[in-house]
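Before any comments, here is the structure.
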There are 2 protein chains.
Amino acid sequence: MRPTDISRIRRFHRTVTRESGVLDQSFLGRGRPLGAARVLNAIGRGISEVGAIRDYLGLDSGQMSRLLRGLEDEGLLVTRPDPADARRRVAELTARGQTEFDAYETLSNTRAQRLLCNHPNATALLDAMDLIASALGQHAITFEEVDPRDDTAVWCLENYYGELAQRLRTGFEVHLSKDPEATTMIRPQGTFYVALSDGLPIGCCGLKGHGDWGEVKRLWVAPSARGLKLATRFMERIEATARDLGHTVLRLDTNSQLPEAVALYHRLGWTEIDRFNDDPYPDVFFEKHL
Amino acid sequence: MRPTDISRIRRFHRTVTRESGVLDQSFLGRGRPLGAARVLNAIGRGISEVGAIRDYLGLDSGQMSRLLRGLEDEGLLVTRPDPADARRRVAELTARGQTEFDAYETLSNTRAQRLLCNHPNATALLDAMDLIASALGQHAITFEEVDPRDDTAVWCLENYYGELAQRLRTGFEVHLSKDPEATTMIRPQGTFYVALSDGLPIGCCGLKGHGDWGEVKRLWVAPSARGLKLATRFMERIEATARDLGHTVLRLDTNSQLPEAVALYHRLGWTEIDRFNDDPYPDVFFEKHL
DNA sequence: TAATTTTCCTGACATTGGTCAGATAATTTC
DNA sequence: GAAATTATCTGACCAATGTCAGGAAAATTA
C-alpha cells in the first residue's frame with residue numbers, strides 16, 4: 001500500500017497510543033490503579049484545588065472523591081478547606097506522597113531519557129515532538145503575565161535574540177540594541193506575556209511604558225508553534241492591556257528582513273510611520289491609535 | 001521553568017495521550033465498549049487468527065473469547081477453525097461487520113483530515129509524525145519479501161530515485177541507469193525486501209541474480225527511519241538470502257557522493273574492487289565473499 | 001497408541017471505572 | 001435573613017476489564 005497523508009497520521013496515532021499504553025502499564029508497577037496514580041501526579045504537578053484536578057483529568061465528582069479518600073487513607077496527601085472559599089477543598093502531598101510522586105516522575109524521566117539516548121538525532125526528534133504537541137494542543141495554549149526577568153521569560157528572550165542574530169544580515173547583539181529596562185515591562189508601566197502550551201513556553205510579547213504612549217517589544221513565537229495565529233492573539237492581549245493602562249497610542253519597530261512581522265502589523269491595522277528612535281537594528285516603524 | 005529535553009518529551013507524551021484519549025472516546029459514540037471496537041478494528045485491518053489478535057491487543061484469552069462472542073452475537077463476525085490447524089480459530093467480518101468497521105475508519109480518517117487541514121505546514125507535520133513513529137516503533141519494524149513491481153516496492157523505489165536525483169551532482173535518471181529487470185529480483189534469481197513500520201514502508205533493498213554471482217541493488221532507507229540500523233539489517237537479510245540461493249560472491253556499486261553508504265559497506269566487511277559495469281552513475285564498487 | 005502440548009472456550013470472581021441521586025456545608029443573591 | 005447556588009462527599013449500582021482455574025478438541029511427541 002502506498003502511504004497517504006491520512007495513513008501516515010493514523011500510523012503515528014497507533015504507534016503513539018501503543019507506546020503510551022506501555023507507559024501507563026509501567027505505572028501499575030507501583031501497586032496503585034491508574035486513576036489514583038493520575039490524581040497523585042496532578043497534585044504533584046501543582047494542581048491543588050479538587051475542582052481543578054477533576055477538570056484536568058475529566059473525572060466525575062464521585063470518583064474524584066473516592067480516589068482522594070483512597071490516597072488520603074494511604075497517607076499520601078491531606079485535604080483541607082480552601083481558606084478563601086471553604087466550600088472548595090485543596091489537596092496537598094504529604095512527605096510520603098511527595099516521595100511517591102517523585103518515584104513516578106523518575107519512571108517517566110527514565111523512559112524519556114532512554115528514548116533520547118536511543119535516537120541518533122535528538123535535536124530533530126525533540127523539534128518534531130514540539131511541533132506535534134503544539135499542533136495537537138493548540139486549544140490548550142495559555143497566556144501568562146510574568147516578570148520579564150522570570151526564568152520562562154528569559155528563556156523566550158534568549159531564543160528571540162538567537163533568531164534575530166540568525167535572520168538579520170547584520171547579526172544582532174542585545175547590548176547594541178535599546179534593550180528596554182525590564183522594569184518598564186511590568187505593571188503599572190507595561191507588561192510582559194508568555195504563551196505556554198502545557199507548561200512549555202512557546203512565545204512572548206512585551207509592552208513597554210513611555211509615560212503617555214506604549215511600545216510593543218519582543219514579540220516572538222517558537223518555530224514549532226508558528227501558523228497557529230499566536231502572534232495575533234499576543235497583539236490582541238497587548239492592545240487590551242494597553243487600553244487598561246490608559247495608553248491611547250502604541251508604537252513598535254521591526255525590520256524589513258522579517259517580512260512576516262511587517263505583514264502581520266499591516267494586517268492588524270497598524271500604520272507605518274517615521275523612525276521614532278535611534279536603535280541600530282529596526283528599519284520599519286509602526287503606530288496604532290487605540 | 002526552562003524546558004529541558006526531558007520536559008519536552010514528557011509534554012509531548014501528555015499532549016498525545018490526552019489527544020488519543022479523546023479519539024478513543026469518540027469510538028464510544030457507536031455504542032460499543034472500547035475493547036470490542038478494538039477487536040473489530042484489528043480484524044478489519046487483516047489480523048484474522050484469534051491468537052494474533054490477542055497478541056496484537058495484549059488481551060487475556062478469556063477476555064478475547066468473550067469479546068469475540070459478543071461481536072458474533074451482534075452478527076458482525078463469524079469464527080471458524082483454521083483449515084491448516086483446527087485448534088486455531090480465525091475470525092472474519094460479515095457484511096454488517098465490514099460496514100461497522102468502515103464507520104470506525106471514517107471516524108478516524110475525518111479526525112486525521114481535520115488535523116491536517118488545521119495546520120499551516122502539513123508537510124512538516126507529517127514528516128515529524130513519521131520521524132516520531134519510527135523512533136517509538138523501532139521494535140515493531142517488519143521485513144517483507146515482495147515483488148519489486150508491487151505498489152509498496154514501487155513507492156520506495158520512486159523515493160530512492162528522487163533522493164539520488166537530489167544528492168548526485170549529475171542528477172539521476174532511471175532510464176540512463178542500468179535498471180535491473182524486475183524479474184531478476186524475484187526468486188529463484190534474486191529477491192526484493194521492503195521494511196514496514198506498522199504498515200508504512202520505510203526502506204527497501206534488492207538482490208539481483210547474475211547466474212553465478214549476486215548484486216545488491218536499490219538499498220534505501222526513508223529519512224525518518226535513519227539511524228535505526230535499518231541498512232545493516234537489510235544487508236544481513238540480503239546476505240542470508242544470497243547464501244540460500246547458492247551465491248558465494250556478492251557485488252554492488254555506489255557513489256562517492258553518498259559517503260554514509262560507502263562507510264556502511266566498509267564497516268560490514270566489503271572490499272573495494274574495480275569497476276565491473278558501465279553504468280554511468282556509480283564510481284565506487286564493492287565485493288564480498290560469503 | 002498414549003501422553004503431552006497447544007489453542008481456544010467457559011465460568012467464577014475481584015477490581016476498576018463511570019454514573020446518579022441525594023446529603024451537607026459554605027457562599028452568594030435577593 | 002431566606003432562598004438559591006456552588007463545591008464536595010456518600011452510598012448505591014452497573015458495565016467493563018482483568019485474572020484464574022479448569023475443560024474440550026486438535027495436534028504433536030514419545
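None of these values were measured; they are calculated from a predicted model. Just so it is clear, the values below take in all heavy atoms, side chains as well, and ignore hydrogens, waters and symmetry mates. So that the names make sense, note that chain A is the first sequence line, chain B the second, and so on, each numbered from 1.
- In this structure, A/Ala36 and A/Ala84 both approach DNA chain C, and ranking their closest nucleotides by distance from the 5' end singles out A/Ala36.
- When each of A/Ala86 and A/Ser61 is assigned the nucleotide of DNA chain C bearing its nearest heavy atom, the one mapping closer to the 5' terminus is A/Ser61.
- Using a 4.5 Å heavy-atom threshold, the side chains of B/Thr79 and B/Val90 count as separate.
- Checked by atom type, the side-chain pair B/Arg54/B/Ser61 shows no donor-acceptor distance below 3.5 Å.
- Here B/Gly62 lies in heavy-atom contact (under 4.0 Å) with a base.
- In this structure, A/Leu68 places its CG atom 10 Å from P of D/dT10, rounding to the nearest Å.
- Distances shown here put every side-chain N or O of A/Arg66 at or beyond 4.0 Å from the OP1 or OP2 atom of D/dT10.
- When the side-chain nitrogen and oxygen atoms of B/Arg88 are compared with OP1 and OP2 of D/dA27, none of them lie within a distance under 4.0 Å.
- When the side-chain nitrogen and oxygen atoms of B/Arg69 are compared with OP1 and OP2 of C/dC8, none of them lie within a distance under 4.0 Å.
- Salt-bridge formation is not detected for the pair A/Glu145/A/Arg237: no Lys NZ or Arg NE/NH1/NH2 atom is positioned less than 4.0 Å from an Asp or Glu carboxylate oxygen.
- Among the protein residues, B/Asp60 comes within range of the nucleic acid bases, having at least one heavy atom under 4.0 Å from a base atom.
- Computed from coordinates, the A/Leu67 CG to C/dT16 P distance equals 10 Å when rounded to whole Å.
- Distance, A/Arg80 CZ to D/dT8 C1': 16 Å, rounded to whole Å.
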### Task
Take B/Phe27 and B/Tyr104, measure what ring-ring contact (aromatic ring centres under 6.0 Å, His included) needs, and give me the verdict at the end.
CA-CA 7 Å; B/Phe27 278 176; B/Tyr104 282 111; 5.1 Å; yes
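- Annotation: side chain of A/Phe192 is not in contact with side chain of A/Leu207 (no heavy-atom distance under 4.5 Å).
- The side chain of A/Asp85 has C/dT27 as its nearest neighbour among C/dT27, C/dC8, D/dT17.
- Between A/Arg87 atom CZ and D/dA7 atom C1' the separation is 6 Å, expressed in whole Å.
- Heavy atoms of B/Arg32 sit nowhere under 4.0 angstrom from any nucleic acid atom.
- Evaluation of atom-type donor-acceptor distances gives no pair under 3.5 Å for the side chain of A/Arg89 against the base of C/dT24.
- At a threshold of 4.0 angstrom between heavy atoms, the contacts of A/Arg38 with the nucleic acid are absent.
- Between C/dG18 and A/Gln63, a contact under 4.0 Å exists linking OP1 or OP2 to a side-chain N or O.
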